[in-house]
Amino acid sequence: AALIRRVAGGELERRLRMTAGIFQILERFERDYQAEMRLTGRMTFDDLTRLLAGGAGGGGLTCEPGRADRLFIDYRLDARIRHWLLDEFQDTSDLQWSVLGNLVDEVMQDASGERRFFCVGDVKQAIYGWRGGNARLFGRLIQRYIGRLHVEPLPESFRSCPAVIDAVNRLFGDVHFGEVIPEAVEVRWSELWETHTVAERNLGLSGCTAVIDTPLDERVSRGSVLSAVLPSVCALLRRIDPPARGLDCAILVRSNDEAAAVVEHLRAHLPGMPVLLEGQSGLTDCPAVGVLLAALRAAFHPADEVAEGVVRMSPLGGLTGDAAVPPSVIRREFALRGAGGAAGKIWAALSAAAAPDAFAAFKMSVLLELAADFDAAGGGTPDEFDALVREHEFGDRSAAGAVRVMTIHKSKGLGFDLVLLPGLSASGFAPRSRGATLLQGGEETPPDWILHKPVKEVCALDPALAAAAEKVREDGIFEELCL
């Protein structure tokens with residue numbers, strides 16, 4: 001027992017020093033940032049929120065609620081704005097609410113009936129806790145204005161077909177998964193849950209949902225779950241072939257790392273199907289595009305030995321006679337027919353030398369479309385076109401005809417004909433690490449203390465640490481359910 005206390009004490013002391021060190025770094029950063037950025041007028045949207053919120057790190061613009069300067073700003077805002085309408089309220093942070101709270105109070109206490117406060121949100125869609133969103137604000141708001149705030153559930157879906165809504169109700173209407181989800185999370189979820197219904201206009205829509213069970217070892221990690229189910233994803237995509245059927249298809253995962261792993265696997269096992277990594281996919285991850293840009297650069301920059309070497313080692317380097325596209329031909333095409341003419345000439349030669357796969361053909365079709373738009377807008381130099389291609393990122397228009405892989409966060413508000421959710425297993429509910437910070441304090445007051453989280457064995461030895469660590473775990477699992 002003495003040895004355990006000694007080891008636990010050493011771990012706690014180390015975490016206390018780490019917490020103090022992090023505080024000193026943040027304090028120095030805040031001081032320098034205030035002097036170099038905020039006080040010189042170079043502010044982000046987040047800075048504006050902090051300045052209005054006042055208090056620590058706020059720069060003293062409005063100080064604490066109740067101070068004269070803060071009340072003066074609140075008075076100006078309250079005099080001009082009669083109604084407050086807030087959307088996506090479940091993603092509101094404590095900092096943001098500290099700016100709006102007094103103003104909402106004024107509306108709720110107004111006896112004239114001429115002012116309104118209206119907010120819309122869904123706690124089950126609270127997926128931005130990692131950036132400060134506090135879904136518990138909804139409950140606090142209802143309790144604070146009980147009897148004055150009319151609460152109206154909105155369970156009717158105007159977006160999805162009956163098959164999808166039925167699956168959602170069956171999967172999430174009862175989240176009793178044994179020890180996987182803590183009882184506190186089950187209770188919180190059940191208190192919030194409303195059985196979803198389908199809008200009358202959507203009752204006739206057809207659709208299909210399926211849960212494909214891949215047997216897994218219960219001890220498998222989240223990453224291993226994803227790797228284990230990807231062969232099933234490939235088989236399903238081969239069978240359906242969304243691009244060939246003109247279906248918009250998305251594969252949704254929890255993190256950018258998972259999205260990259262899915263893209264890598266699908267490109268390796270489905271070479272005939274275009275696959276894009278949403279938000280990070282451009283054109284230059286395709287070797288054929290790299291060769292085309294190298295040929296264009298070598299034509300206009302003869303001293304660029306790297307570009308010349310790329311062309312020489314590519315299929316273009318082996319072309320002779322009429323099949324070849326020497327620099328003089330590329331320069332002539334660009335002068336006479338613009339970027340589209342030059343790019344088309346190079347691509348024709350490249351595809352004749354080596355039959356392109358579906359991925360290269362898709363990327364090149366987007367490049368040629370980009371070249372046409374470039375020329376239609378007045379054109380420019382070869383270097384300007386090169387920069388345009390390198391900076392291009394896929395949007396809804398250019399991603400048509402490809403399987404899109406993205407995080408659930410990026411998919412919010414989008415709609416697809418076909419959605420695949422790989423890796424939804426019991427182990428997938430394990431919360432991701434979120435900075436390993438423990439807080440102790442009230443819901444509406446600053447924390448009594450903050451500590452860089454010790455290892456779980458040490459937390460278990462102290463009731464306060466154990467309670468704080470369990471709350472972090474419960475909040476993380478609840479957010480995973482929301483995802």
Side-chain angles (χ1 to χ4, degrees), residues 45-46 48-58 62 64-66 70 73-74 77-78 81 83-110 115-155 182 184-194 408-409 412-413 431 434-435 437-448 450 467-468 470-483:
F45 286 112
D46 186 62
L48 297 177
T49 304
R50 292 181 181 279
L51 287 169
L52 285 171
T62 60
E64 297 82 13
R70 170 59 187 262
I73 290 179
D74 285 349
L77 288 171
D78 187 60
I81 301 174
H83 309 286
W84 291 92
L85 289 80
L86 308 180
D87 195 11
E88 303 289 359
F89 189 76
Q90 75 279 354
D91 296 323
T92 303
S93 69
D94 291 304
L95 189 68
Q96 292 167 334
W97 185 243
S98 69
V99 175
L100 297 173
N102 285 347
L103 299 167
V104 172
D105 259 341
E106 287 296 317
V107 174
M108 297 303 295
Q109 295 173 26
D110 182 75
R115 306 186 65 184
R116 294 287 185 273
F117 167 64
F118 183 84
C119 70
V120 178
D122 183 356
V123 176
K124 300 186 299 302
Q125 294 186 42
I127 60 176
Y128 291 106
W130 56 274
R131 69 180 189 192
N134 183 2
R136 295 182 185 272
L137 279 173
F138 236 133
R140 283 161 44 185
L141 188 71
I142 293 171
Q143 289 299 316
R144 182 177 181 86
Y145 301 120
I146 191 167
R148 288 179 287 167
L149 194 65
H150 173 68
V151 180
E152 181 179 349
L154 300 172
V185 177
E186 290 184 14
V187 171
R188 184 182 173 193
W189 185 267
S190 63
E191 289 175 348
L192 296 168
W193 179 259
E194 293 276 349
I408 297 174
H409 291 93
K412 193 169 184 179
R434 296 177 52 173
T437 301
L438 300 182
L439 301 173
Q440 179 67 41
E443 285 289 332
E444 301 186 54
T445 58
D448 299 325
I450 182 170
E470 181 61 16
K471 184 178 183 302
V472 169
R473 188 176 83 93
E474 289 172 359
D475 288 345
I477 291 176
F478 183 87
E479 187 166 327
E480 290 296 307
L481 273 174
C482 294
L483 281 177

Taking side chain as C-beta onward, heavy atoms only, is [X] less than 4.5 Å from [Y]?
X	Y	result
Leu481	Val185	yes
Cys482	Trp189	yes
Gln96	Leu86	no
Lys412	Tyr128	yes

Using side-chain hydrogen bond (donor to acceptor under 3.5 Å, both in side chains) as the criterion, list what pairs up with [X], not counting sequence neighbours.
X	answer
Glu470	Arg473
Arg115	Asp78
Glu106	none

Sort out for me which residue in Phe118, Trp84, Tyr145 forms a side-chain contact (heavy atoms from CB on, under 4.5 Å) with Val107.
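For Val107, the side-chain contact (heavy atoms from CB on, under 4.5 Å) check succeeds only for Trp84.
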
So, taking the atom named [atom1] in [X] and the one named [atom2] in [Y], what distance separates them when rounded to the nearest 0.5 Å?
X	Y	atom1	atom2	answer
Lys124	Gln90	NZ	CD	9.5 Å
Arg144	Ile142	CZ	CD1	14.0 Å
Asp46	Leu95	CG	CG	7.0 Å

Between Asp475 and Arg188, does any NZ, NE, NH1 or NH2 come within less than 4.0 Å of an OD or OE carboxylate oxygen?
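Yes.
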
I'd like to know if Asp94 and Arg140 make a salt bridge, using a cut-off of under 4.0 Å between side-chain N and carboxylate O.
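Here Asp94 pairs with Arg140 in a salt bridge, since their nearest N and O are under 4.0 Å apart.
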
Mind checking whether Trp97 and Phe89 have parallel, tilted or perpendicular rings, split at 30° and 60°?
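Rings of Trp97 and Phe89: perpendicular, as their planes differ by over 60°.
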
